[in-house]
S.K.: 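Here it is, the structure, as structure tokens.
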Number of protein chains: 2
Amino acid sequence: MDLNNIPKPTESELEILQILWLHGPSSVRFVNEKLNEEREVGYTTTLKLMQIMVDKGLALRNTESRTHIYQAAVSEADTQKRLLQKFVDTTFRGSAMKLVMQALGNHQASPEELDEIKALIEKMESGGDDN
Amino acid sequence: MDLNNIPKPTESELEILQILWLHGPSSVRFVNEKLNEEREVGYTTTLKLMQIMVDKGLALRNTESRTHIYQAAVSEADTQKRLLQKFVDTTFRGSAMKLVMQALGNHQASPEELDEIKALIEKMESGGDDN
DNA sequence: AATGATATACGAAGAGTTTCGTAAAAGCAA
DNA sequence: TTGCTTTTACGAAACTCTTCGTATATCATT
């Protein structure tokens, strides 16, 4: 696959990335077991997906030992940012604020979390040009 | 398609829904022209998609005149809510607050918008159970 | 060495999505 | 009526994603 220019991960690939981000470099077996805590997936299915991810540049693998070790090749924060951008565009016509309001309204937040958000807003309102 | 139990719209279907939500009941030609403001799409491609959307229950159509008129069969708010829920789960491991923080950080908001959010937070902090 | 377990490689089937060519029907204009 | 345009209907190709069967290689155990 094209070095540089890494594509958007699919649903299944994102699930695997979540595991790699959370647990660090992992074997296919480990990832497959984690996936199977959520839903049934065959071992070779997971293997194939992870091989494709390497091909796409979403993951790297170390083939020194017989059991190959895979790791994420894209960062969680960057990926979230990219996917969020696209999601805001397609689902909220680019209005991040509408999304924020929806998210705040739908999900209940703890007082601590709300304070965190308020703090961020304060910061944005004071030094409110850059970023 | 199954009445009731309407599936999640695909990317292309969502694009079309956006147009229908924004402009109300529309002909295939109109929708196709709007789509072509963004990217090149053939007329029959748009037609086929819209027919499928009727089949899935995502859209309704009036066939009284020769030019059929389509309208969204699902509301914008409900759809956004559904898609947001799924997006939070898959991309932010269920943490709506992380998503909110990201969205606030990435996109610049006007003071008015920030105030709106603050107002919502105040409301949540006072009467903070229901909703 | 032989057996069994575990790993990767390969390829292809099946489902869903997107695209569009072609045909048929309906309306319009000369 | 005869053609030209617009519209819908139909079906299939192209593409992507997911899944898994089968083959092959590697390792450990006896």
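Only a predicted model underlies this, so the values are computations on that prediction, with no experimental measurement involved. Order of the sequence lines sets the chain letters (A, B, ...), proteins ahead of strands, with each chain counted from 1.
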S.K.: Name the nucleic acid region contacted by A/S12, choosing base, sugar-phosphate or nothing; use a 4.0 angstrom heavy-atom cut-off, strictly under.
M.R.: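 If one applies the 4.0 Å heavy-atom cut-off, A/S12 turns out to touch the sugar-phosphate alone, with no base involved.
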S.K.: For B/E11 and D/dC15, what is the distance between atoms CD and C1' respectively, to the nearest whole Å?
M.R.: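 My rounded result for the distance is 16 Å.
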S.K.: If I take atom CZ from residue B/F87 and atom NZ from residue A/K86, how far apart are they, to the nearest 0.5 angstrom?
M.R.: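 One gets 11.5 Å once the value is rounded to the nearest 0.5 Å.
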S.K.: Hey, mind stepping through B/N36 and B/E33 against side-chain contact (heavy atoms from CB on, under 4.5 Å) and telling me if it holds?
M.R.: CA-CA 5 Å; B/N36 273 277; B/E33 275 162 9; 5.7 Å; no
S.K.: I need the CG-P distance between B/N32 and C/dC20, as an integer number of Å.
M.R.: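 Taking atom P of C/dC20 as the reference, CG of B/N32 is at 10 Å.
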S.K.: Check the orientation of A/F30 and A/H23. Use parallel for under 30°, tilted for 30 to 60°, and perpendicular for over 60°.
M.R.: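 Answer is perpendicular, since the angle exceeds 60°.
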S.K.: What is the nucleic acid contact for B/T45, judged by heavy atoms within less than 4.0 Å: base, sugar-phosphate only, or nothing?
M.R.: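 Counting heavy atoms under 4.0 Å across all strands, the contact made by B/T45 includes a base.
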S.K.: Quickly work out the B/M53 CE to C/dG16 P distance and round it to whole Å.
M.R.: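 Distance, rounded to whole Å: 18 Å.
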S.K.: Between the protein and nucleotides 24-30 of chain D, are there any N/O to N/O pairs under 3.5 Å, and if so, what are the atom names and distances?
M.R.:
| from | atom 1 | to | atom 2 | distance (Å) |
| --- | --- | --- | --- | --- |
| D/dT26 | O2 | A/R66 | NH1 | 3.0 |

S.K.: OP1, OP2 of D/dT19 versus side-chain N and O of A/R39: anything below 4.0 Å?
M.R.: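 Checking D/dT19 against A/R39, a side-chain N or O does come within under 4.0 Å of OP1 or OP2.
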S.K.: Quick check: on DNA chain C, is the nucleotide nearest A/K48 upstream (toward 5') of the one nearest A/H68, or the reverse? Name the residue that is more 5'.
M.R.: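 First, find each residue's nearest nucleotide; the 5'-ward one identifies A/H68.
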S.K.: Using only side-chain N and O atoms of A/S27, determine if any of them is under 4.0 Å from OP1 or OP2 of C/dA7.
M.R.: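 Checking A/S27 against C/dA7: no side-chain N or O falls below 4.0 Å of OP1 or OP2.
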S.K.: Assess the residue pair B/V54 and B/L60 against the criterion (side-chain contact (heavy atoms from CB on, under 4.5 Å)); give the C-alpha distance rounded to whole Å, side-chain angles, the decisive distance to 0.1 Å, and a yes or no.
M.R.: CA-CA 6 Å; B/V54 171; B/L60 300 171; over 6 Å; no
S.K.: Let me see the working for B/D55 and B/Q51 under side-chain hydrogen bond (donor to acceptor under 3.5 Å, both in side chains), right down to the final yes or no.
M.R.: CA-CA 6 Å; B/D55 211 50; B/Q51 288 171 337; over 6 Å; no
S.K.: Is B/T67 close enough to D/dT8 that one of its side-chain N or O atoms is under 4.0 Å from OP1 or OP2 there?
M.R.: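 Checking B/T67 against D/dT8: no side-chain N or O falls below 4.0 Å of OP1 or OP2.
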S.K.: Between A/E76 and A/K81, is there a side-chain N and carboxylate O pair less than 4.0 Å apart?
M.R.: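 No, A/E76 and A/K81 are not salt-bridged.
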S.K.: Quick one: is C/dA5 close enough that its OP1 or OP2 comes under 4.0 Å of any side-chain N or O from A/R29?
M.R.: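 For C/dA5, neither OP1 nor OP2 has a side-chain N or O of A/R29 closer than 4.0 Å.
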S.K.: To the nearest Å, give me how far apart CG (B/L47) and P (C/dT19) are.
M.R.: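 That distance rounds to 13 Å.
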S.K.: Between D/dT18 atom P and A/N36 atom CG, what is the distance in whole Å?
M.R.: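 Rounded to whole Å, this separation is 16 Å.
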S.K.: Rounded off to whole Å, could you give me the CD1-to-C1' distance for the A/I69 and C/dT8 pair?
M.R.: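 Taking atom C1' of C/dT8 as the reference, CD1 of A/I69 is at 13 Å.
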S.K.: Please figure out whether A/V28 or B/L49 has its closest DNA chain C nucleotide nearer the 5' end.
M.R.: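 Upstream on the strand: A/V28.
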S.K.: Does some side-chain heavy atom of B/E15 sit less than 4.5 Å from a side-chain heavy atom of B/R39?
M.R.: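 Yes; the side chains approach each other to less than 4.5 Å.
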S.K.: Using whole Å, report how far OH of A/Y43 lies from P of D/dT22.
M.R.: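 The answer, rounded to whole Å, is 18 Å.
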S.K.: Please give, in whole Å, the distance from D/dT18 C1' to A/Q51 CD?
M.R.: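 Result: 14 Å.
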